[in-house]
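Down below is the structure, laid out as structure tokens.
All figures in this text were calculated on a predicted structure; none of them were measured in a lab. Order of the sequence lines fixes the chain letters, A, B, ..., with proteins taken first and strands second; residue numbering starts at 1 for each chain. Keep in mind that the numbers below use all heavy atoms, side chains included, and drop hydrogens, waters and symmetry copies.
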Protein chains: 2
Amino acid sequence: MTDLDARRTPVTQRAVEEIKRRIADGRFGPGDRLPTERDLAADLGVSRSSMREAIRALITLGVLESRHGAGVYVTALRPSDLLETFSVLAEVSQGATLLEVLQVRRMLEPAATALAAARADDAQIAHIGTLLEDIDGGDGTVSADLGFHQAIVAATGNATLAAVNDGLSSASFHTRVWAGHREAGLTAKLREDHHRIHEALLARDPDAARAAATAHVLRVEDWLRAELRGQADLRGQAAAGPGDQGPADADPAGTVDPAAARER
Amino acid sequence: MTDLDARRTPVTQRAVEEIKRRIADGRFGPGDRLPTERDLAADLGVSRSSMREAIRALITLGVLESRHGAGVYVTALRPSDLLETFSVLAEVSQGATLLEVLQVRRMLEPAATALAAARADDAQIAHIGTLLEDIDGGDGTVSADLGFHQAIVAATGNATLAAVNDGLSSASFHTRVWAGHREAGLTAKLREDHHRIHEALLARDPDAARAAATAHVLRVEDWLRAELRGQADLRGQAAAGPGDQGPADADPAGTVDPAAARER
DNA sequence: GTGCCAGAGTGGTCCGACCACCAACGGGTG
DNA sequence: CACCCGTTGGTGGTCGGACCACTCTGGCAC
């Protein structure tokens, strides 16, 4: 079977899988340096070009990293290493998919915030308080907001959770959210949400934290829903649009709870 | 600035970002065919080798796909396309990280199952019932189990949610779980969980669905915790272990709720 | 002992060639 | 005329080799 498989499988892909296998079974451990591209290519019986493509793929996955002139290394294989890639989702996605992303965040962030309320230590909560002041201070609001939320999720002590949530929150999306709220004069509401979350953390109250986080995500979700509907209306007026281009991706991501009901 | 940036930025990376930019601003849309590697390389002023590495990276990210002899195409950019990559996390991870993964699933799956109970149509629920019989039938249990859970999450209608959850459940991990439960004579318990979930879906009862899903994930989590502790004990007896290899990743991912309390 | 510098080794880039594969065009056949 | 099938051009896949940019290390000079 191996032979038949190998015959029709692209050489590069085979190389990728062979390296993954060697990492999985421990021949290459986290932080280890790999043999040189030339040696590895000879070892696996492929050209250096193909080997480089395989390495490039594994670098993209966050499994390897290369240092010019020094060698190729296995990363620490932390969740944050391996999940960095999927920020492309929030980067490239538009429209309905963004709503889906927010729906997932509405499942994760409240639970994460509640966890943080129960487990964060004083230093972490103090740090979060500092970030909150940065937001209100007004300078670099977007990145400050991003940092605030990341710090909360990080305070859960669950690196995987933090990495997943970070992936679902992209800087570019946050920028749009803030711009949209500023335009609508709603920044005060966001501020209010943040303070409520912080107070819940200070009080070590998981339930309050969960509720505050839910309200926050919901607010953003409502805004996005309205904005998307606005865009759709504009397009609808202009023309029926011959190719709306979306074959799949189905319905506009409805919801179960009141937020959706309100919308309909 | 552009010039200075460009000078020290690897050519391949610049190519990756340029293509991403062209996708983001719509010059390349979902399903479109890209210019040939040779043309694209000439256009961006890089060699074909570097262009191929850039394309390879974007293929790994799920943004592009190439068809031998036919051309390179932009994918549909569905969440499932873009999130396929992160199954490496569940593939490569071990020990404490797996616990973290389960903790995230404990936030997602209950919410997703509840959503499915509210939104799945009759056909979807019937299909899920079929998969349930496949599991009990006993043949290909692992893949059947995987299919059961995936079908439920898919029934939420949120493709992003489904893709994220799939990424957190790898086939190899499921295999370990089933083997471990069979060994411990707990397969009946898993079966029981599945039926409870299905009944909640049939009854369109989100609360019951949430509870059943939580119990199920919790059961797996408990088992994994015990197994990891067993392994740690073994290692502890044998030797103090010079390189436990984990520099970061911190504490063993505790929990807030009863499951953790029971454990301590 | 300390600092610097040159060399060897490594990844980064480029080039040109050839192979494997697909798709569309064409001529042949019914 | 309609349909089938082989040809042919163009595409991605692989290869080998060359050179550049960078890092690290060991030995030299001070």
I need the [atom1]-[atom2] distance between [X] and [N], as an integer number of Å.
{"X": "B:H68", "N": "C:dC22", "atom1": "NE2", "atom2": "P", "answer": "8 Å"}
{"X": "B:L44", "N": "C:dT13", "atom1": "CG", "atom2": "C1'", "answer": "15 Å"}
{"X": "B:Q13", "N": "C:dG11", "atom1": "CD", "atom2": "P", "answer": "18 Å"}
{"X": "A:R48", "N": "C:dT13", "atom1": "CZ", "atom2": "P", "answer": "11 Å"}
{"X": "B:M51", "N": "C:dG12", "atom1": "CE", "atom2": "P", "answer": "17 Å"}
{"X": "B:R52", "N": "C:dC19", "atom1": "CZ", "atom2": "C1'", "answer": "13 Å"}
{"X": "A:L40", "N": "C:dG12", "atom1": "CG", "atom2": "P", "answer": "14 Å"}
{"X": "A:R38", "N": "C:dT13", "atom1": "CZ", "atom2": "C1'", "answer": "12 Å"}

Note: for B:D39 and B:R56 on DNA chain D, the residue whose nearest nucleotide lies more 5' is B:D39
Return the 5'-most residue of the pair A:G45, B:V72 with respect to DNA chain D, ranking by each residue's nearest nucleotide.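 Looking at DNA chain D, the more 5' nearest nucleotide goes with B:V72.
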Measure the shortest side-chain to side-chain distance between B:Q103 and A:T160 over non-hydrogen atoms and say whether it is less than 4.5 angstrom.
->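 No. Closest side-chain heavy atoms not under 4.5 Å.
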Smallest separation among heavy atoms of [X] and [Y], with atom names:
{"X": "B:Q124", "Y": "B:A155", "answer": "NE2-CA, 3.8 Å"}
{"X": "A:S80", "Y": "A:A163", "answer": "CA-CB, 3.9 Å"}
{"X": "A:A162", "Y": "A:V153", "answer": "CA-CG1, 3.3 Å"}

Note to self: Using a heavy-atom cut-off of 4.0 Å across all strands, would you classify A:S49 as base, sugar-phosphate, or nothing?
What the structure shows: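 The residue A:S49 makes base contact.
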Item to check | Contact boundaries on DNA chain D for chain B, cut-off under 4.0 Å to non-hydrogen atoms | outcome: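 The contact span of chain B on DNA chain D goes from D:dG10 to D:dC22.
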I want to check one thing: is the phosphate of C:dT13, taken as OP1 and OP2, less than 4.0 Å away from some side-chain N or O of B:T12?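 Indeed, a polar side-chain atom of B:T12 lies that close.
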Original post:
So, is B:S50 close to the C:dG12 phosphate, meaning a side-chain N or O under 4.0 Å from OP1 or OP2?
Top reply: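 False: B:S50 side-chain N/O out of range (4.0 Å or more) of C:dG12 OP1/OP2.
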Can you tell me how far the CZ atom of A:R48 sits from the OG1 atom of A:T36, to the nearest 0.5 Å?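 If we round to the nearest 0.5 Å, A:R48:CZ and A:T36:OG1 are 8.5 Å apart.
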_Apply salt bridge (Lys or Arg N to Asp or Glu O under 4.0 Å) to residues B:K20 and B:E17 and explain how you reach the verdict._
CA-CA 5 Å; B:K20 265 204 283 192; B:E17 277 155 17; over 6 Å; no
| Of all pairs that satisfy side-chain hydrogen bond (donor to acceptor under 3.5 Å, both in side chains), the ones with a partner from residues 49-64 of chain B, not counting sequence neighbours |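 Passing the test, one end in residues 49-64 of chain B: A:R52-B:E53, A:E53-B:R52, A:E53-B:R56, A:R56-B:E53, B:E37-B:R52, B:S47-B:S50.
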